[in-house]
There are 2 protein chains.
Amino acid sequence: MTSTLGYALLNLIACEPQTGYDLSRTLQERISFFWQAKHSQIYPELAKLESAGFITHEVVRQTDKPDKKIYTITDAGLAALRVWAVAPLEIAPSRDELLVKTAAFWQADPAAAAALLRDHERQHAEQLALYEGIRAALEDEWERAGRRHDLPWFGNYLTLMRGIGYEREYRDWCRWAAAMMEAGD
Amino acid sequence: MTSTLGYALLNLIACEPQTGYDLSRTLQERISFFWQAKHSQIYPELAKLESAGFITHEVVRQTDKPDKKIYTITDAGLAALRVWAVAPLEIAPSRDELLVKTAAFWQADPAAAAALLRDHERQHAEQLALYEGIRAALEDEWERAGRRHDLPWFGNYLTLMRGIGYEREYRDWCRWAAAMMEAGD
DNA sequence: GAGAGCATGTAAAATGTTACATGATTTT
DNA sequence: AAAATCATGTAACATTTTACATGCTCTC
């Protein structure tokens with residue numbers, strides 16, 4: 001019943017009780033690895049998780065800002081998360097618009113195609129630099145926490161390392177493909 | 001107006017005139033890099049492309065099999081494809097359910113999590129082997145065609161190389177992450 | 001006789017994005 | 001005075017997946 005987004009939210013709430021607004025910021029930042037969502041999808045999903053008994057909320061009244069709902073994971077939610085996390089999964093082919101464009105480069109102007117690839121090389125290099133910065137901070141934090149595998153940092157670290165590998169590989173491919181286009185005439 | 005799927009279809013038809021059925025098989029195979037679709041999405045999309053004037057079809061009557069519609073790209077379609085292919089594009093964060101699960105591994109049973117990662121390591125290794133096989137064939141074909149950049153092979157080759165890099169990096173990460181989980185206690 | 005392949009479509013449901021809607025406080 | 005931040009929601013639209021629907025031929 002619960003979607004991937006639902007479990008993503010459940011894990012974030014398990015890490016720390018928080019509001020829908022907090023969750024929506026996390027899932028829109030560029031450091032949100034491998035899943036994203038807008039607030040318009042998050043609020044209804046939180047309602048579903050709550051009616052499934054996976055989370056509860058308490059209203060915190062504020063005077064200067066709007067009141068807010070802080071969500072907390074329940075025992076049932078934690079149990080469901082643990083089961084889902086290790087359930088078998090087929091590898092899913094990913095979608096990437098740049099690669100669809102690339103497949104059409106045999107029809108395109110080589111100089112313009114090379115420029116597009118150079119632009120993406122730069123974008124992925126920037127993303128990589130961002131991740132490398134977080135890596136240092138995260139490793140530090142993990143060190144101080146005694147390298148424990150049962151703390152949120154561990155999950156974040158594993159996915160961050162995948163993000164680093166992904167961006168590095170993508171940047172290198174852009175560089176190679178751009179050179180191919182530039183050499184082509 | 002035209003979606004990414006529309007342009008993906010347009011490029012495939014530009015490579016070779018074909019039917020909706022042919023397209024649906026291509027976009028469901030595991031060698032279809034970086035975009036997929038079911039036939040239920042393809043047939044309506046072809047109708048849109050045709051009403052936009054980007055493709056036309058001729059009906060081929062068959063006696064032993066059902067009649068079929070062979071779609072061909074028009075000059076307007078080719079022009080639209082060439083413009084779209086090099087139009088600027090922001091990098092889009094990718095979605096990957098395994099990584100969402102991984103983020104929750106701090107809550108999961110380490111042995112079960114390691115097993116899941118080992119399974120994906122195997123799946124990505126298989127995909128990589130498949131791509132490496134195609135690579136040899138494609139390079140051969142391209143060699144014989146005089147290494148021209150204006151043939152469909154070129155686009156296929158560029159995307160294939162990205163597929164190879166992607167799968168290799170993913171396999172290596174799975175191996176590393178599995179070792180992390182197995183070492184953890 | 002059952003199932004797979006060829007071939008084309010529609011309907012319904014789930015998921016994701018963009019836009020609409022409100023309203024106070026703080027910063028530029 | 002305009003824009004950004006906090007905070008929560010709904011509505012409309014686009015995209016994607018799953019299921020429904022038909023029918024003929026060939027293979028096991």
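Everything quoted here is computed from the prediction, not taken from an experiment.
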Using atom [atom1] of [X] as one end and atom [atom2] of [N] as the other, report the distance to the nearest whole Å.
{"X": "B/Arg61", "N": "D/dC24", "atom1": "CZ", "atom2": "P", "result": "16 Å"}
{"X": "B/Gln41", "N": "D/dA19", "atom1": "CD", "atom2": "P", "result": "16 Å"}
{"X": "A/Lys48", "N": "C/dA14", "atom1": "NZ", "atom2": "P", "result": "8 Å"}
{"X": "A/Ile42", "N": "D/dT10", "atom1": "CD1", "atom2": "C1'", "result": "15 Å"}
{"X": "B/Glu97", "N": "D/dT17", "atom1": "CD", "atom2": "P", "result": "13 Å"}
{"X": "B/Lys38", "N": "C/dT8", "atom1": "NZ", "atom2": "P", "result": "18 Å"}
{"X": "A/Tyr43", "N": "C/dG16", "atom1": "OH", "atom2": "C1'", "result": "17 Å"}
{"X": "A/Asp22", "N": "D/dA7", "atom1": "CG", "atom2": "P", "result": "7 Å"}

Can a side chain N or O of [X] be found less than 4.0 Å away from OP1 or OP2 on [N]?
{"X": "B/Tyr21", "N": "C/dT8", "result": "no"}
{"X": "B/Lys69", "N": "C/dG9", "result": "yes"}
{"X": "A/Arg95", "N": "C/dG16", "result": "no"}
{"X": "B/Gln62", "N": "C/dC6", "result": "no"}
{"X": "A/Arg25", "N": "D/dA7", "result": "no"}

Closest approach to the side chain of [X], judged atom by atom: which nucleotide of [options] is it?
{"X": "B/Lys68", "options": "C/dG16, D/dG9, C/dA7", "value": "C/dA7"}
{"X": "A/Leu5", "options": "C/dG16, D/dT5, D/dT16", "value": "C/dG16"}
{"X": "A/His39", "options": "C/dA7, C/dT17, D/dT10", "value": "D/dT10"}

**Request:** Specify the residue among B/Asp64 and A/Asp64 whose closest nucleotide of DNA chain C lies further upstream toward the 5′ end.
**Result:** B/Asp64
**Residue mapping more 5' on DNA chain C - nearest nucleotide basis, A/Thr63 or A/Met1** = A/Met1
**Prompt:** Are the aromatic ring centres of A/Tyr131 and A/Phe33 under 6.0 angstrom apart?
**Reply:** yes
**Message:** If you assign each of A/Asp67 and B/Pro66 to its closest nucleotide in DNA chain D, which residue comes earlier from the 5' end?
**Reply:** A/Asp67
**Point-to-point distance, once rounded to the nearest 0.5 Å, from OG1 of B/Thr102 to CE of B/Met180** = 12.0 Å
**Message:** So, under a plain 3.5 Å distance rule, would you say the side chain of B/Ser40 forms a donor-acceptor pair with the base of D/dT16?
**Reply:** no
**Message:** For the CZ atom on B/Arg122, are there more than 12 heavy atoms of other groups (residues, nucleotides or ligands in this structure) within a distance under 6.0 Å?
**Reply:** yes
**Prompt:** Any side-chain donor paired with an acceptor under 3.5 Å for B/Tyr157 and B/Glu139?
**Reply:** yes
**Request:** Answer yes or no: is there a side-chain heavy-atom contact under 4.5 Å between B/Trp84 and A/Lys101?
**Result:** yes
